[in-house]
Amino acid sequence: MLNADVVVLSASIVTFNPAQPKAEALAVRNGRIVAVGSNAEIRSYVGDETKVIDVGGKTVVPGLVDCHVHMTGFGWHLQTLDLCGVNSIEEMKQEIREYTMENPEKSWVLGGRWDHEKFVEKRYPTRWDLDEAVSHKPVFLIRVCGHVGVANTKALELAGVGKDTAVKGGKVDVDEVSGEPNGILRENALELVWRAVPKPSVAELEEACIQACRKAVENGLTGVHWIVDSAEELRLLQKLCKEWKLPLRVYLGVPAKLLDTIVKLGLASGFGNEMLKLGFIKVFVDGSLGARTAALRKPYSDKPETYGMLLLSQRKLNKLVLKAHRAGWQLAVHAIGDKAIESTLKAFANALKKHPRENHRHRIEHCSVLDPKLIRKMRRLNLIASVQPHFVFSDFWVMERVGNERARWVYPFKTLLKEGVVIASGSDCPVEPISPLLGIWAATTRKDFLEENLTVEEALRTYTVNAAYASFEEDEKGTIEVGKFADITVLSDDLLSIPPEKIREVKVEMTVVGGKIVYKK
Ligand SMILES: [Zn+2]
């Protein structure tokens with residue numbers, strides 16, 4: 001009998017393999033599963049060199065995958081000022097003061113995740129608020145959505161933002177009386193300040209990535225669809241991979257600004273190895289609902305003069321999508337408002353008409369404000385809905401933003417499934433918490449529009465089977481069966497039998513990637 005490198009025994013395994021839905025144990029060789037069965041069957045694979053992992057009856061599920069995460073941003077965020085949970089501008093000022101004192105070596109005070117919706121003042125903070133906290137150093141803090149930021153006077157000066165600064169695809173808000181920038185910057189206007197921020201060194205970037213990976217495996221993730229921002233990040237990931245410092249599998253999301261370069265090289269989705277491969281081209285079509293920059297067909301209910309904004313004209317989007325599609329790339333288009341989704345659907349329809357391609361697996365990221373027609377069109381075009389279930393809870397103001405009628409069709413997970421659209425789930429971390437368990441909890445326990453709740457099994461599939469499909473890797477992962485990677489997540493409780501409300505309390509006991517324990521509680 002074949003000696004295994006690793007066996008996992010005494011487990012309650014949810015395999016998602018229809019031919020063998022449940023099992024107690026599995027054996028691993030060369031990073032792949034070679035047998036799945038009962039304890040007795042698998043014990044026969046134990047030899048002198050075999051590592052035996054007895055999980056003591058705990059639940060084992062296929063390794064969880066996060067289909068939308070900004071890992072470097074997450075790592076960066078772990079090292080910067082976190083304003084999540086701050087409930088007033090006064091408290092925000094206090095946090096800024098304290099952080100500045102505790103981090104004297106930092107030349108900029110950076111961070112974010114503030115949410116003015118939670119502030120008692122119910123308004124955006126301004127440069128003058130920040131100046132009161134810290135004026136001798138530049139301060140730049142991004143809103144929780146990532147599409148709006150606030151800078152203090154020093155930061156605006158360094159960025160050269162003044163009274164007459166105009167930005168394409170963005171906005172510099174001004175004070176109504178003086179006409180001076182009030183510190184709030186939207187969309188592309190954020191870039192003005194980013195350009196003034198000193199670039200992190202390669203070592204700092206590496207540290208951020210490593211910290212983010214550590215957090216990811218602690219949360220039970222065996223893979224991430226890692227959205228990168230720059231060539232530096234891509235280079236760094238290759239270095240980490242070569243040095244065996246990547247504890248989990250990475251499917252890369254490449255920004256559209258690198259499309260021309262990467263297409264010229266002849267590279268396309270799927271290039272790479274088992275740990276690190278090229279995934280999709282990421283395109284932004286609109287902003288966020290939180291910041292009212294998501295493009296809607298009808299005005300925002302709580303600000304009737306605003307529709308949000310499309311970041312690309314239809315013509316430009318069509319061109320971009322067609323180019324990537326033709327070159328063999330999977331596309332992942334960020335579209336939140338119904339107008340943005342409609343525009344994205346047009347672009348995909350156009351590309352598929354001009355250049356029919358089976359099995360393209362193009363995705364719409366977030367895909368928030370839908371309606372039955374848009375959903376059916378998604379199905380017809382065979383698009384994947386790449387969603388982040390935790391938004392259901394974070395976007396508690398959705399009813400105000402879009403009104404009851406449209407709110408019914410925000411994150412309609414069950415309808416998407418019923419209509420035959422593949423849903424793949426992720427976190428959008430650091431916008432939302434990275435925990436896939438919190439995502440499963442959110443997808444199954446929403447309190448409004450109960451009919452859109454998924455079952456726990458359905459939700460779990462969106463992080464496993466469907467996540468594998470979303471990266472063309474259904475033959476390699478997503479289920480626990482012979483031949484697939486030995487990627488598993490060990491949980492403290494059986495997700496499928498506890499009440500969904502309790503999922504928030506479930507702990508990750510162990511994370512295994514390719515038969516190797518990358519996290520243990
Ligand atoms: Zn994102």
Side-chain angles (χ1 to χ4, degrees), residues 65-78 80 84 112-113 115 142-149 169 186-188 190-191 194 208-209 212 215-216 219 221 223-230 233-234 237 250-258 279-295 308-312 330-337 340-341 344 362-369 383-395 410-411 423-436 438-439 442-443 462-463 467 470-471:
V65 174
D66 187 324
C67 294
H68 185 124
V69 52
H70 306 268
M71 289 290 276
T72 313
F74 179 39
W76 177 80
H77 162 76
L78 289 170
T80 56
C84 167
R113 290 184 76 201
D115 185 355
I142 307 296
R143 192 182 177 275
V144 64
C145 63
H147 297 268
V148 175
R186 297 169 197 264
E187 301 296 341
N188 292 348
L190 296 170
E191 269 308 307
W194 278 128
C209 289
K215 281 276 176 221
N219 280 280
L221 293 168
V224 283
H225 295 192
W226 181 317
I227 297 168
V228 299
D229 251 354
S230 62
E233 239 182 292
L234 272 171
L237 277 165
V250 175
Y251 187 68
L252 290 161
V254 179
K257 65 183 178 202
L258 296 179
F280 49 80
I281 294 289
K282 172 90 186 286
V283 180
F284 276 97
V285 174
D286 67 347
S288 76
L289 279 175
R292 297 191 191 82
T293 49
M309 54 180 151
L310 285 176
L311 301 175
L312 291 169
Q330 178 187 38
L331 277 130
V333 179
H334 166 123
I336 288 181
I341 294 170
T344 304
H362 294 318
R363 339 181 342 173
I364 301 185
E365 305 300 302
H366 313 304
C367 210
S368 312
V369 186
L383 300 174
I384 295 170
S386 170
V387 303
Q388 301 76 35
H390 201 261
F391 278 121
V392 170
F393 282 86
S394 306
D395 294 2
V410 175
Y411 311 122
I423 300 180
S425 286
S427 65
D428 204 11
C429 182
V431 180
E432 296 292 315
I434 197 162
S435 166
L438 274 182
T462 68
Y463 285 92
S471 62

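Keep in mind the model is a prediction, meaning the values are calculated, not measured. Start at 1 and go down the list; that is how both ligands and their atoms are numbered.
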Exercise. Which residues satisfy the salt bridge (Lys or Arg N to Asp or Glu O under 4.0 Å) test with Asp395, sequence neighbours excluded?
Worked result: none
Exercise. Does a side-chain heavy-atom distance below 4.5 Å link His147 with Arg186?
Worked result: no
Exercise. Would you say the side chain of Val228 lies within less than 4.5 Å of the side chain of Pro255, judging by non-hydrogen atoms?
Worked result: yes
Problem set entry | Atoms of the protein (N/O/S only) found under 2.8 Å from the Zn ion (ligand 1) | His68 NE2, His70 NE2, Asp428 OD1
Exercise. Which residues pass the side chain to side chain contact (heavy atoms under 4.5 Å, CB included) test with Ala256, sequence neighbours left out?
Worked result: Ile281, Val283, Leu320
Exercise. Below 6.0 angstrom between ring centroids: does that apply to His70 and His77?
Worked result: no
Problem set entry | Listed partners of Gln330 passing side chain to side chain donor-acceptor pair (under 3.5 Å), at least two apart | Tyr251
